[in-house]
Amino acid sequence: MSVISFDAATRTWLLRTPRTSYAVRLAPDGTPRHLHWGPPLTLAQAAGLELEEPLELNDSRGLLAGEELPVDGRIRFSVPSLQVRFADATRSIEWAYADHRIDGEELAIRLIDRHYPLEGTLHYRVYPDSDVIERWLTLRHTGDGEPFTILRADSAQWTLPVLDDYRISHVTGHWCGESQLHRVAATHGETVFTSRRGVSSHHANPWVMVDAGQATDTAGEVWSVALAWSGSWRITVSRAQVNRLAITGGFGHDAITWRLRPGQQLTTPAFAGLYTMDGFDSARQAWHAHIAGHVLPRPDELRPVLYNSWEATGFDVNEENQIRLARIAAELGAELFVMDDGWFGARKDDRAGLGDWTPNPDRFPRGLGPLIAEVRRLGMSFGLWVEPEMVNPDSNLYRAHPDWVLHYPNRERTTIRNQLVLNFARPDVQAWAHGWLDQLLRDHDIDFLKWDMNRPFTEAGWPGEDDPDRLWIDHVRGVYSIMDRLRADHPGLRIESCCGGGGRVDLGILRRTDETWPSDNTDAVDRISIQYGYSQIYPARTMAAWVTDSPNFLNGRLVPLRFRFHVAMSGVLGIGGNLTEWSPAELAEAAQLVAQYKRIRPVVQHGTQYWLRSPSVVTPGDGWPGGTAPGGLTAVQYLSPDSAETVVFAWRPTAHFGHPPPPVRLRGLDPAATYRDEDSGREYPGVALAARGVRPTLPPGDYASAILHFRRVSG
Ligand code: DGJ
């Protein structure tokens, strides 16, 4: 049975995923309209469905009609997914159906404007082992006259069934406070989630989930969408007066325009959608599995335990202090040593040197070679921090190429962190960036780049270019293409996406990176809610988490080493503290915890994740992020792919009234099997671990934590 089928009599397309179906009908007016997104249907069942008819009295017809891609024009007053201005200033599109093509797992429905030489194709892609459906749009200028101006080109509109109520889950945040999960009622009207910063941003992330308001972690239908794009973006959730809800989304933010010239084609990024019926756990797990199976370049590799020098030495790096840190890191069991900012040009602080990517001769008089050789001798691989998209005005690069940055002719060039953004849409800038990065990788044994990006776009101009707004799109494509080329030419290279913390985490960047840096906030308590929000879509194998010094640099909180490790061990463990100041007892404890992490790492990084006791989410009237779970105990579980091992992390930042920790009830276990606690040797029936749960043994006081590790022994 093919995964995409077509019923010619009713002009109905049916896309089947393992547990869901998605159906589209070509309406008599030539527009593809949404028919079904939910539990599985046969083609005959889909063909028998009727379209939701737009109300005659409606004032938001596109939304009510459930169009797959509402355009500007005719009686439509909802958010257009596609807006084009033709050369004669006409802004309305009138599609006629041209044809469709089913090519294995892809469907393309081709539409042509009835008058202007514009062709639009709606693309759909399904996977045999994933319920995620990818959708995108291609636009083509098929004429030879004037260019068209694209005012908006969303990848897709997703329509939900008519429900009594709708609730939106999404994340908000800021630098050092990313990914705070909110659940809010969908208001009647339009709710816009967007980034105008040139990156997916710390402040929002390009995904939303919608449910009827009652879904829990373990029950309820959830519809979720996520955009594969790392630049500015916009997702609009519209709820009409008669309870229809649709979500349109795509790249670029409001008021960006770009040209489509004769013969040119514009392809939007994928806007992926997922329907799940067993609550938020199943939605999260399906996204994690999809990202592992179809997005990440190297999903099966266990991510190494890394050491990063940033919080230890800041900009003050040199051969001697890095070797000193590397020796201690190696003794702790680190597998990858990453030297952060400060190794190049005149980069003694954030005021100078960005753009001059040669090792600083005072700090590295013999170049990077001796440090890298020593790191390798210690048995670790070597990683290096870079920030290719940026330049300090006080740099040789800027003095030579002041025109390479985003700027307007008669406006100030506003610096943030004393830096300006290089215009990666320019072919010469791309060639320069690819050139030095490629040379750096050819000249040195570098296994890992931490690719940072520390400021948003401002004054995003491109003097001399007649279609300057395209830089919002082409900058991102430039970054993608350089990463793709570097990976292709240096197959051993691994990349971390960093953007002053979690400013560039999305399905687009994950296609060419191996892990991300979710936040510069390394306080273990704050990290719990950041990691919870992160994990709504993105899997643990991509979530770098460091153990740093206490008191924490950001909030001064004193947290025991064990708690700091236990939080970081629930992702990709790294260490970022100043090891030269750790006591022998701390170093010994750290080495034990790293060894423990390596034992459970396959379960954490490749297992199925269950939030057993979630941190509180932000709801209306609450307004402040970062709360703890009821009873003060937050717990997350990972179950190995073969279901033979499971690991639970339990964290209690604050003790309450001397109460014992509540039991955690495990999920995903075989009720008939027996599981052994790997630490105590005690055995438990699976049914008891699930139904009665198990109380973690916690030390007294605040910042108490435990890791439970069970192995299936029979059944
Ligand atoms: C911001 C990153 O998030 C930090 O980890 C560090 O790499 C600094 N940039 C270096 O400037």
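In each ligand, atom 1 is the first atom listed, and ligand 1 is the first ligand listed.
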* **Chi angles and distances behind the ring pair (Phe, Tyr, Trp, His ring centres under 6.0 Å) call for H444, F382** => CA-CA 10 Å; H444 302 91; F382 182 79; 8.4 Å; no
* Sort out the contact shell of ligand 1: every protein residue with a heavy-atom distance below 4.0 Å, listed by chain and number. => W310, D340, D341, W385, R417, K450, D452, N454, C498, G500, G501, W517, D520
* **Audit row: T516, Y534, side-chain hydrogen bond (donor to acceptor under 3.5 Å, both in side chains) steps and yes/no** => CA-CA 10 Å; T516 76; Y534 182 98; 2.8 Å; yes
* Could you tell me how the ring of W404 sits relative to the ring of H401: parallel (under 30°), tilted (30 to 60°) or perpendicular (over 60°)? => parallel
* So which pairs with a foot in residues 477-500 pass ring pair (Phe, Tyr, Trp, His ring centres under 6.0 Å), sequence neighbours left out? -> W229-Y480
* Structure fact -> Exactly one of F364, W357, F315 clears ring-ring contact (aromatic ring centres under 6.0 Å, His included) with F344, and that residue is W357
* Donor-acceptor pair, R564 side chain versus V559 backbone, under 3.5 Å? -> yes
